[in-house]
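Read through the structure below, which is laid out as structure tokens, and then see the notes.
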Amino acid sequence: MKKMDVVLGLQWGDEGKGKIVDVLTPNYDVVARFQGGPNAGHSICFLDKSFVLHTVPSGIFRTDALNIIGNGVVIDPVILMEEIHAIRQMGVDVRSHLLVSKRAHLILPTHRLLDAASEKAKGQKKVGTTGKGIGPAYTDKVARTGLRVGDILRTDFLDRYHALFSGHLSALGLTQPVDDSEWLNAVGQLKQLQIVDNEVVVNQWLREGKTILAEGAQGSLLDVDFGSYPYVTSSNTLCAGACTGLGVAPAHVGNVYGIFKAYCTRVGSGPFPTELFDETGDLLRQIGHEYGATTGRPRRCGWLDLVALKYTVMMNAATHLIMMKSDVLDRFETIKVCVAYKTKSGATIDYFPFDADEEGIEPVYKEFKGWNTDITSCRSFEQLPVELKQYLLFIEEQTGVKVHIVSVGPNRDETIVR
Ligand code: GDP
Ligand code: IMO
Ligand code: MG
């Protein structure tokens with residue numbers, strides 16, 4: 001039986017998962033998304049074009065591979081069908097390359113309204129969600145009231161839908177009708193896709209010796225159990241989520257590719273110990289084009305946090321590290337890395353605390369000399385400046401895991417595999 005490899009983010013999302021999955025796909029028969037939904041925005045750049053995927057796995061542009069949306073994903077049919085339409089415009093025959101799990105839950109139009117209402121009620125303490133209805137959809141899943149993709153094939157689907165929909169309307173206190181015609185139309189189109197029992201299909205593929213790459217969304221620090229709760233998303237973004245989100249047993253997991261940016265970003269609220277509020281933070285945002293791929297919101301920026309990274313490497317048992325956006329640091333005289341936290345009580349700690357948001361953590365930094373060189377044309381590890389190699393070596397020493405890929409630009413070819 002083959003093992004399934006996993007690609008996931010080790011920070012707060014937007015590490016560059018889309019680019020790396022697209023780069024690695026030629027080595028795989030199948031790419032499988034295992035959690036999250038249209039809160040994700042995975043960018044892929046090739047042929048001078050940039051493409052953002054939300055629900056469809058990032059292997060879709062490599063037409064030798066199959067793509068599957070797993071049971072752990074929540075699907076907004078409108079967003080999925082728009083995405084499929086845009087991919088078709090690129091000449092890809094999506095229907096033959098994409099499978100959708102019967103067990104994936106549906107995001108209803110009212111889930112979005114519930115998301116907005118919940119954020120409004122939280123006021124200052126809002127999570128800063130993407131507003132895509134993610135939390136309410138997973139809430140219905142866990143409450144055992146949700147609707148799944150397989151349900152759209154049932155004869156009584158509309159009855160089931162209306163029961164849930166009107167329940168939401170009364171929870172929202174809405175008396176006016178909500179227009180759901182676009183949504184129902186998209187459900188009709190969704191029926192035309194290949195809807196499958198993903199757990200059966202995926203295990204069969206592994207038995208046949210097919211290679212599968214599982215693609216995570218968000219990042220480990222947004223995990224509902226181990227992220228900076230309550231400022232997290234509503235799914236398990238860690239490697240364990242690849243098992244429950246696809247129906248693959250832990251014994252069948254192979255390599256775990258953990259992706260991180262050479263610095264840190266975060267969108268939405270919540271603790272971010274190394275966040276920079278000065279011109280260095282602005283410069284990172286500007287050079288790194290740090291604006292959300294899904295919402296367009298400016299991303300909060302700061303130095304690399306090794307305390308947090310060591311934690312997520314541990315939680316995922318990452319076997320390979322992948323450092324993204326190294327080129328964004330090309331112009332910095334000095335580069336800082338957080339190696340410990342100082343708490344309000346004056347203690348120095350080297351782990352991510354339970355109450356990070358109240359702790360008032362201060363980062364303890366180690367400084368590195370910047371490389372001050374344009375590295376975007378480097379194509380081998382040997383060509384990289386010595387200062388960058390030292391930076392990488394330090395990360396490897398601290399995490400105990402080798403950096404397998406260094407990304408030096410958004411395009412497919414701007415990638416150094418060691
Ligand atoms: P994802 O959600 O993890 O797939 O990441 P996003 O697509 O949301 O954000 C990553 C952004 O960085 C995208 O705009 C990518 O095109 C871009 N990107 C990826 N790798 C690199 C890199 O090595 N250098 C630079 N400059 N940009 C990159
Ligand atoms: P990708 O896959 C970055 C953040 C939101 C918010 C929190 C909860 O592109 O890396 P949600 O809408 O999930 O209920 O929002 O999680 N968030 C992301 N941040 N990248 C993402 O996805 C994200 N998906 C959700 O900003 O703080
Ligand atoms: Mg993203």
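Predicted model, so just to flag it, every value in this text is computed and none were measured. Each ligand, and each atom within it, is numbered from 1 in the order the structure gives.
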>> For Lys261 and Gln11, which I'm curious about, is there any donor-acceptor pair between the side chains at under 3.5 Å?
In response: no
> Is there a nitrogen or oxygen of Val267 sitting under 3.5 Å from a nitrogen or oxygen of ligand 2?
Replying inline: yes
>> Quick check on Arg299 - does any of its heavy atoms sit under 4.0 Å from an atom of ligand 2?
In response: no
> Between the Mg ion (ligand 3) and Gly41, is there an N, O or S atom separated by less than 2.8 Å?
Replying inline: yes
>> Would you say Asp305 and Tyr341 are linked by a side-chain donor-acceptor pair, where the criterion is simply a distance under 3.5 Å?
In response: yes
> Which ligand 1 atoms does Met324 reach within 4.0 Å, using its non-hydrogen atoms?
Replying inline: 20 (N)
> Will you find, in the side chains of Ser58 and Asp22, an N or O donor that is under 3.5 Å from an N or O acceptor?
Replying inline: no
>> I'd like the name of whichever of Lys261, Arg299, Glu414, His289 reaches closest to atom 9 (O) of ligand 1 through any heavy atom.
In response: Arg299
> Does ligand 1 have a heavy atom under 4.0 Å from the side chain of Asp327, from its backbone, from both, or from neither?
Replying inline: side chain
> Side chains of Asp140 and His168: do they bring a donor and an acceptor to under 3.5 Å?
Replying inline: yes
> Which of the atoms in ligand 1, numbered in the order shown and given with their element, are less than 4.0 Å from a heavy-atom of His42?
Replying inline: 1 (P), 2 (O), 4 (O), 7 (O)
> Side-chain donor-acceptor pair under 3.5 Å between Lys132 and Thr295, yes or no?
Replying inline: no
> Counting from 1, what ligand 2 atoms have a heavy atom of Val127 closer than 4.0 Å?
Replying inline: 8 (C), 27 (O)
>> Please report whether ligand 1 has a polar contact with Gly16, defined as an N or O pair separated by less than 3.5 Å (distance criterion only).
In response: yes
> Which ligand 1 atoms, with their elements, are less than 4.0 angstrom from a heavy-atom of Gly18?
Replying inline: 4 (O)
> Using a heavy-atom cut-off of under 4.0 Å, does the side chain or the backbone of Val408 touch ligand 1, or both, or neither?
Replying inline: backbone
> Quick one: does NZ or CZ of Lys49 land under 6.0 Å from the six-membered ring centre of Phe46, within 45 degrees of the ring axis?
Replying inline: no
>> Considering both backbone and side-chain atoms of Gly41, is one of its nitrogen or oxygen atoms within less than 3.5 Å of a nitrogen or oxygen in ligand 2?
In response: yes
> So, Asp115 versus Ser118: side-chain donor-acceptor pair below 3.5 Å or not?
Replying inline: no
> Does NZ or CZ of Arg300 come closer than 6.0 Å to the centre of the six-membered ring of Phe272, within 45° of the ring's axis?
Replying inline: no
> Is there a nitrogen or oxygen of Asp14 sitting under 3.5 Å from a nitrogen or oxygen of ligand 2?
Replying inline: yes
>> Is Gly9 close enough to touch ligand 1? Criterion: a residue heavy atom under 4.0 Å from a ligand atom.
In response: no
> Within 45° of the six-membered ring axis of Phe381 and under 6.0 Å from that ring's centre, is NZ or CZ of Lys389 located there?
Replying inline: yes
> Is the closest basic N to carboxylate O distance between Glu290 and Arg299 below 4.0 Å?
Replying inline: yes
> Atoms of ligand 2 less than 4.0 Å from Ala217 heavy atoms?
Replying inline: 2 (O)
> Glu215 and His42: side-chain hydrogen bond (donor to acceptor under 3.5 Å, both in side chains), yes or no, with the steps?
Replying inline: CA-CA 10 Å; Glu215 173 182 6; His42 295 181; 2.7 Å; yes
>> For atom 19 (C) of ligand 1, which of the options Pro410, Cys45, Ala217 provides the nearest non-hydrogen atom?
In response: Pro410
> Do other residues, nucleotides or ligands put more than 12 heavy atoms under 6.0 Å from the OH atom of Tyr291?
Replying inline: yes
> Looking at side-chain heavy atoms only, is the closest gap between Gln398 and Lys310 below 4.5 Å?
Replying inline: yes
> If we only count heavy atoms from C-beta on, is the Thr265 to Trp12 side-chain gap below 4.5 Å?
Replying inline: no
> What atoms in ligand 2 come closer than 4.0 Å to a heavy atom of Arg297?
Replying inline: 5 (C), 26 (O)
> Is Lys132 near ligand 2, meaning one of its heavy atoms is under 4.0 Å from it?
Replying inline: no
> Leu222 heavy atoms, cut-off 4.0 Å: which ligand 2 atoms fall inside?
Replying inline: 4 (C), 16 (O), 17 (N), 18 (C), 19 (N)
>> Looking only at distances, can you tell me whether any N or O atom of Ser326, backbone or side chain, sits closer than 3.5 Å to an N or O atom of ligand 1?
In response: no
>> Apply ring-ring contact (aromatic ring centres under 6.0 Å, His included) to residues Trp183 and Tyr161 and explain how you reach the verdict.
In response: CA-CA 11 Å; Trp183 191 86; Tyr161 165 70; 4.8 Å; yes
>> Please list the nearest protein heavy atom to atom 12 (O) of ligand 1 with its residue and the distance rounded to 0.1 Å.
In response: Lys325 NZ, 2.9 Å
> Is the closest N or O pair between Ser234 and ligand 2 shorter than 3.5 Å?
Replying inline: no
> Is the shortest N/O to N/O distance between Val328 and ligand 1 below 3.5 Å?
Replying inline: no
> What atoms of ligand 1 come closer than 4.0 angstrom to any heavy atom of Gly409?
Replying inline: 20 (N), 21 (C), 22 (C), 23 (O), 24 (N), 25 (C)
>> Restricting to N, O or S, what is the name of the atom of Asp14 that lies nearest the Mg ion (ligand 3)?
In response: OD1
> Quick one: which ligand 2 atoms are inside 4.0 Å of a heavy atom on Ala40?
Replying inline: 1 (P), 2 (O), 9 (O), 22 (O)
> Can you find a side-chain donor-acceptor pair between Asn39 and Thr130 that sits under 3.5 Å?
Replying inline: no
> Which atoms from ligand 1 have a heavy atom of Ser407 less than 4.0 Å away?
Replying inline: 20 (N), 21 (C), 22 (C), 23 (O)
> Side chain, backbone, both or neither: which part of Lys19 has a heavy atom under 4.0 Å from ligand 1?
Replying inline: side chain
>> Any atom of ligand 2 sitting under 4.0 Å from a heavy atom of Lys17?
In response: yes
> Step by step, would you call Phe368 with Phe394 a ring-ring contact (aromatic ring centres under 6.0 Å, His included)?
Replying inline: CA-CA 10 Å; Phe368 286 82; Phe394 184 71; 5.2 Å; yes
> Any idea which protein heavy atom is nearest atom 10 (C) of ligand 1, and the distance to it?
Replying inline: Asp14 O, 3.7 Å
> Under 3.5 Å, is there a donor-acceptor pair between the Thr211 and Asn27 side chains?
Replying inline: no
>> Can you name the atoms of ligand 2, numbered from 1 with element, that are less than 4.0 Å from a heavy atom of Trp12?
In response: 3 (C), 19 (N)
> Any chance the side chains of Asn236 and Asp225 put a donor and an acceptor closer than 3.5 Å?
Replying inline: yes
>> On a heavy-atom basis, I'd like to know which of Ser235, Ser269, Gly128 is closest to atom 5 (C) of ligand 2.
In response: Gly128
>> Give the atom numbers and elements of ligand 2 that come within less than 4.0 Å of a heavy atom of His42.
In response: 1 (P), 2 (O), 9 (O)
> Does Val232 reach ligand 2, in the sense of a heavy atom lying below 4.0 Å from it?
Replying inline: yes
>> Is the ring pair His404/His320 parallel, tilted or perpendicular, if the boundaries are 30 and 60 degrees?
In response: perpendicular
> Quick check: does Asn39 get an N/O under 3.5 Å from an N/O on ligand 2?
Replying inline: yes
> Counting from 1, what ligand 2 atoms have a heavy atom of Gly268 closer than 4.0 Å?
Replying inline: 27 (O)
